[in-house]
Amino acid sequence: MKKEARPPRIFWSIRMRAACGGKHISGAEGIFGEKDVEKALFAYAKRAFSHSKGQPDSVILKAERLCSPPLSITALPISTVETKNQKEARQKAVEFLMTAGVSRRAATSALKIIGEGSLKGAAILEAKEGTRLDHESDKGIRASMLGITKRAEGELLASLEEMGINEDHKKKRVRDALVIASKVAACPQVLAEICISDDPDYTTGYVAGAAIGYVRLPGIKKNGGGEGGRVFFVQGNYQKGKKSKLTEYLQKTPVIVGKISPLNDIITFHEGKTEKSKRAKARLDLKPGSKKIIGKNN
Ligand code: PML
Ligand code: MG
């Protein structure tokens with residue numbers, strides 16, 4: 001008997017933005033199979049009204065059916081690097097970015113841009129010179145059209161639990177940030193990213209890239225600080241055409257995380273000495289210029 005062909009799966013993108021007095025409060029998005037769309041819409045609506053930054057006076061929920069299935073990618077491996085203070089966390093951020101091929105100058109410019117905290121999306125910097133490439137919009141470029149499958153999400157949440165990240169709000173943050181970072185890092189033109197939360201009560205940031213994975217840096221900002229933002233570092237001298245290919249990918253190409261990478265170390269730096277947790281499954285080698293600093297699991 002001839003087997004009937006399965007109908008193609010239909011996917012939807014759902015995006016939520018909440019604001020008050022024109023100021024951004026929260027935003028989130030995901031990609032869902034058709035049967036989960038209604039439930040997801042309710043969950044995002046609930047999320048819009050339960051942010052620590054306060055109640056919104058405007059909420060936009062947008063659901064769009066995708067024309068074709070999203071591109072499936074593997075999440076970056078997660079590491080956590082603990083340092084003694086904000087200064088050291090920022091130094092480590094610069095070192096990791098340099099390991100990924102970003103110049104000190106570009107990394108320092110990125111920290112300055114983030115410190116000003118005026119962007120809605122990410123600034124795009126040329127990785128060597130640190131030149132700003134997204135000048136056509138001073139709002140930055142937002143990576144969008146992204147999500148995670150239910151199965152990968154389940155595995156990720158279990159890994160986070162194992163890492164000691166067991167509060168629900170923190171898990172959601174790490175999940176959302178990891179999905180963004182993994183989509184961004186999957187773009188060959190992007191060498192690395194840095195992100196510091198714009199939420200005053202969230203002080204962990206990250207640096208990420210195909211060569212370094214997703215490296216969390218607790219304490220990279222002081223509690224109560226309103227600054228924050230994202231910067232993507234790209235290689236090469238982008239002419240208009242190539243640049244728009246990059247923004248087309250970042251903003252419009254649907255990408256879903258379908259697989260999680262194994263868990264990495266929690267690394268603690270104390271006065272120049274490095275300690276790794278027993279949970280270690282991969283090695284972090286901080287030599288600037290080395291191609292891959294995360295070993296066998298990357
Ligand atoms: C944000 O939610 O504003 C970004 C959070 C980035 C860090 C998430 C993490 O703890 O890994
Ligand atoms: Mg935020």
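In this text the structure is predicted, and so the values were computed from the model without any measurement. Read the numbers this way: they start at 1 and go in the same order the structure lists the ligands and their atoms.
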task: Starting from atom 7 (C) of ligand 1, locate the nearest protein heavy atom and write down its residue, its atom name and how far away it is, to 0.1 Å.
output: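 Protein heavy atom with the smallest distance to atom 7 (C) of ligand 1: Thr204 O, 3.5 Å.
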
Protein heavy atom at shortest distance from atom 3 (O) of ligand 1: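 So the nearest neighbour among protein heavy atoms is Ser197 OG, 2.8 Å.
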
Proximal atoms of ligand 1 relative to [X] (non-hydrogen, under 4.0 Å):
X	result
Tyr206	6 (C), 7 (C)
Tyr202	7 (C), 8 (C), 9 (C), 10 (O)
Val174	9 (C), 10 (O), 11 (O)
Arg173	1 (C), 2 (O), 3 (O)

query: Would you call Asp168 and Lys170 a salt bridge, taking side-chain N to carboxylate O under 4.0 Å as the test?
result: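 No, Asp168 and Lys170 are not salt-bridged.
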
Salt-bridge present (Lys221, Asp198; N to O < 4.0 Å):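 No, no charged N to carboxylate O under 4.0 Å.
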
Quick one: does any side-chain atom of [X] pair with a main-chain N or O of [Y] as donor and acceptor, under 3.5 Å?
X	Y	result
Lys128	Val102	no
Gln55	Phe49	yes
Asp199	Asp201	no

Give yes if a backbone or side-chain nitrogen or oxygen of [X] is under 3.5 Å from a nitrogen or oxygen of ligand 1, and no if not.
X	result
Tyr214	yes
Arg216	yes
Arg230	no

- request: Using only N, O or S atoms, tell me which atom of Asp199 is closest to the Mg ion (ligand 2).
  value: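 Restricting Asp199 to its N, O and S atoms, the minimum distance to the Mg ion (ligand 2) goes to OD1.
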
- request: State the atom name: nearest N, O or S atom of Asp198 to the Mg ion (ligand 2).
  value: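 That would be atom OD1.
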
query: So, is the end of the Arg173 side chain (NZ or CZ) under 6.0 Å from the ring centre of Tyr202 and within 45° of the ring's axis?
result: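 Ring-cation test returns yes.
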
message: Just to check, does Asp199 reach to within less than 4.0 Å of ligand 1 when the distance is taken from its heavy atoms?
response: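 No; Asp199 lies far enough from ligand 1 that no heavy-atom distance drops under 4.0 Å.
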
- request: Kindly determine whether Tyr44 and Glu29 satisfy side-chain hydrogen bond (donor to acceptor under 3.5 Å, both in side chains), including the steps that lead there.
  value: CA-CA 8 Å; Tyr44 281 118; Glu29 67 172 279; over 6 Å; no

Stepwise salt bridge (charged side-chain N to carboxylate O under 4.0 Å, His left out) test for Glu64 and Arg15: CA-CA 9 Å; Glu64 275 175 278; Arg15 289 182 275 178; 2.6 Å; yes

